[in-house]
Chemist: 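What follows is a single structure, and I will ask about it in a moment.
Whatever order the structure lists them in is the order used to number ligands and atoms, beginning at 1. All figures in this text were calculated on a predicted structure; none of them were measured in a lab.
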Amino acid sequence: MPTDRRSAGRLSAVTSIDVYKNAYAAAGADGSTHVAPAPVDPAGSTSKALLLLGRGSDPDSERGVDCPGELPPASDPDLVERARAAKAALGDQVFILGHHYQRDEVIQFADVTGDSFKLARDAAARPEADYIVFCGVHFMAESADILAAPHQRVLLPDLAAGCSMADMARDFQVLDCWDALVDAGIAEQTVPVTYMNSSAAIKAFTGEHGGLVCTSSNAERALRWAFDQHPGGAGKVLFLPDQHLGRNTAVRQLGLSLDDCVVYNPLKPNGGLTAQELRDARMILWRGHCSVHGRFTAAQVAAVRERVPGVQVLVHPECTYEVVSAADLVGSTEYIIRTIEAAPAGSAWAIGTELNLVRRLAEAHPDKTITFLESTVCYCATMNRIDLPHLVRCLEALVRGEVVNEIIVEPTVAAHARLALDRMLALPELPPVTTPTA
Ligand code: SF4
């Protein structure tokens, strides 16, 4: 493992977890002896870290860091009123973003809901808001910081709200992968494409190497753009970090074969691939996945068809190739919402995406039968770290003039990541989908 790169933090997107970082630095670069910091609050008392989760873990990780500070007790019956009062006191100064996968107790305070990219753009379109409170996960707050106006400050209510998929592609691993492509003689014809669900450091790598960001809504257009950079069939794509979105898009929408795809495993030398296998591939898929969507199976699709007569199965493209192949419809969270809204009364749906969203869709459409594809699949654990106590703490601190849990992407990283985001924004728009299509 290239420890020189890890310690150099060449592409690290550093957040302003200053207290944490200082403690980490004091504990040693490998973090193995990290002890959570004990910040001093304005009242002069010493508070304890809120979470024990992740002690000793890597602070550049998307998840598993400590979140210093004191929380109101979850049992406080006034939490809803406290959040309401703090939000009212802040007025237009604060803009609260709620990802579709957030809990109800949090989403009720969101000024706008959406997927990660829509929310980041919504925040940038509200320059009167000095503070963006992002109820989502860490990479989303990073993207909001990159796209926001310079005076806007982005806060993540719980610093331990990361994304396991984003954590599966680390900057030093991706640099090693690129070296493998150079050694195989194919780096020059390879365009990196990274899913929005990646750290700012990986977006920066992508921007620096001529690539772009994609979402689950525009992955097809992004891949076509990437292959077009090297016409005549010579082009290759390195797709980060979700192998399933990459494979599903390449095979189902671009017409590549499964044999055109290889999976690069960052935990194995040379990704577990020979130079010839890399040269033969069109799509080099990073071995990452979503820990929620990766749990759905084709057997569950078959079972729900048995259980619910006439059901249509609608899944997110982060599900495996076998699952999306067995489903009736496949699309992003926004697509899933539009599809259900447009569906006729009396229709039956089994949905394979995060449970909070599916439950809210079922409540909003009582005239349709809406079931979760598989009852044993859990909520996204890190998304669910954002709860009412964390939101109240964040808002009440702002009322007192304190900014807690601010996310700041280091300027050089932000500039390179912005390049990759801007290439995505320049992709041709498709007409809005009004009729569900498979
Ligand atoms: S649902 Fe999956 S991709 Fe989304 S934040 Fe959770 S782990 Fe990451």
Side-chain angles (χ1 to χ4, degrees), residues 13 53-54 57 61-65 97-103 106-107 110 113-120 134-144 156-170 193-203 213-219 239-249 285-297 314-320 323-324 330-337 351-361 372-374 376-387 390 407:
L53 178 78
S57 67
S61 157
E62 264 283 308
R63 60 178 177 154
V65 299
L97 307 177
H99 189 271
H100 286 311
Y101 298 166
Q102 288 288 299
R103 302 160 176 253
V106 166
I107 215 86
T113 60
D115 62 16
S116 57
F117 184 63
K118 174 181 180 291
L119 291 176
F134 208 126
C135 297
V137 293
H138 187 263
F139 76 80
M140 299 177 185
E142 285 186 326
S143 298
L156 183 65
D158 185 345
L159 292 177
C163 166
S164 54
M165 178 200 287
D167 269 347
M168 290 175 194
R170 306 299 302 278
V193 178
T194 192
Y195 189 22
M196 194 72 178
N197 301 19
S198 56
S199 69
I202 300 305
K203 292 185 178 81
V213 176
C214 75
T215 68
S216 51
S217 301
N218 64 19
F239 194 89
L240 302 152
D242 183 13
Q243 61 168 302
H244 301 305
L245 178 64
R247 183 183 295 105
N248 290 332
T249 309
L285 303 167
W286 192 261
R287 192 170 184 271
H289 65 272
C290 167
S291 49
V292 174
H293 294 94
R295 290 179 61 85
F296 295 112
T297 65
L314 171 57
V315 301
H316 194 279
E318 289 172 19
C319 294
T320 66
V323 170
V324 301
V330 183
S332 65
T333 48
E334 297 289 342
Y335 173 86
I336 289 171
I337 293 167
I351 305 179
T353 191
E354 212 274 345
L355 181 53
N356 274 314
L357 173 59
V358 179
R359 200 175 32 72
R360 272 195 291 273
L361 282 172
F372 193 45
L373 177 55
E374 169 54 44
T376 61
V377 174
C378 302
Y379 295 101
C380 174
T382 47
M383 278 276 184
N384 272 260
R385 295 213 66 84
I386 310 287
D387 58 9
H390 282 90
I407 302 298

Chemist: Please report the closest heavy-atom contact between Asn248 and Pro317, naming both atoms and the distance.
Modeler: ND2-O, 2.9 Å
Chemist: Quick one: which of Asn384, Thr382, Thr353 gives a side chain to side chain donor-acceptor pair (under 3.5 Å) with Tyr101?
Modeler: Thr353
Chemist: For atom 6 (Fe) of ligand 1, find the nearest protein heavy atom and state the residue, atom name and distance (0.1 Å precision).
Modeler: Cys380 SG, 2.3 Å
Chemist: Please state which protein non-hydrogen atom is closest to atom 3 (S) of ligand 1 and give its distance, to 0.1 Å?
Modeler: Asn197 ND2, 3.3 Å
Chemist: Are the aromatic rings of Phe296 and Phe372 close, with centres under 6.0 Å apart?
Modeler: yes
Chemist: Identify, by atom number and element, the atoms of ligand 1 in contact range of Ser291, meaning under 4.0 Å from any of its heavy atoms.
Modeler: 7 (S)
Chemist: Quick one: does ligand 1 sit under 4.0 Å from the side chain of Glu318, the backbone, both or neither, non-hydrogen atoms only?
Modeler: side chain
Chemist: Write out the residue and atom name of the closest protein heavy atom to atom 7 (S) of ligand 1, then the distance separating them to 0.1 Å.
Modeler: Ser164 OG, 3.5 Å
Chemist: Side chains of Thr376 and Glu374: donor-acceptor distance under 3.5 Å anywhere?
Modeler: yes
Chemist: Please find out if atom 8 (Fe) of ligand 1 and some N, O or S atom of Cys163 are separated by less than 2.8 Å.
Modeler: yes
Chemist: Quick check: does Cys290 have an N/O/S atom under 2.8 Å of atom 2 (Fe) of ligand 1?
Modeler: yes
Chemist: Drop me the distance from Asn218's CG to Phe117's CZ, to the nearest 0.5 angstrom.
Modeler: 7.5 Å
Chemist: Show which atoms of ligand 1 fall inside a sub-4.0 Å distance from at least one heavy-atom site of Tyr101.
Modeler: 1 (S)
Chemist: With Cys290 as reference, evaluate His316, Glu318, Met168, Arg295 under the side-chain contact (heavy atoms from CB on, under 4.5 Å) test and give the passing residue.
Modeler: Glu318
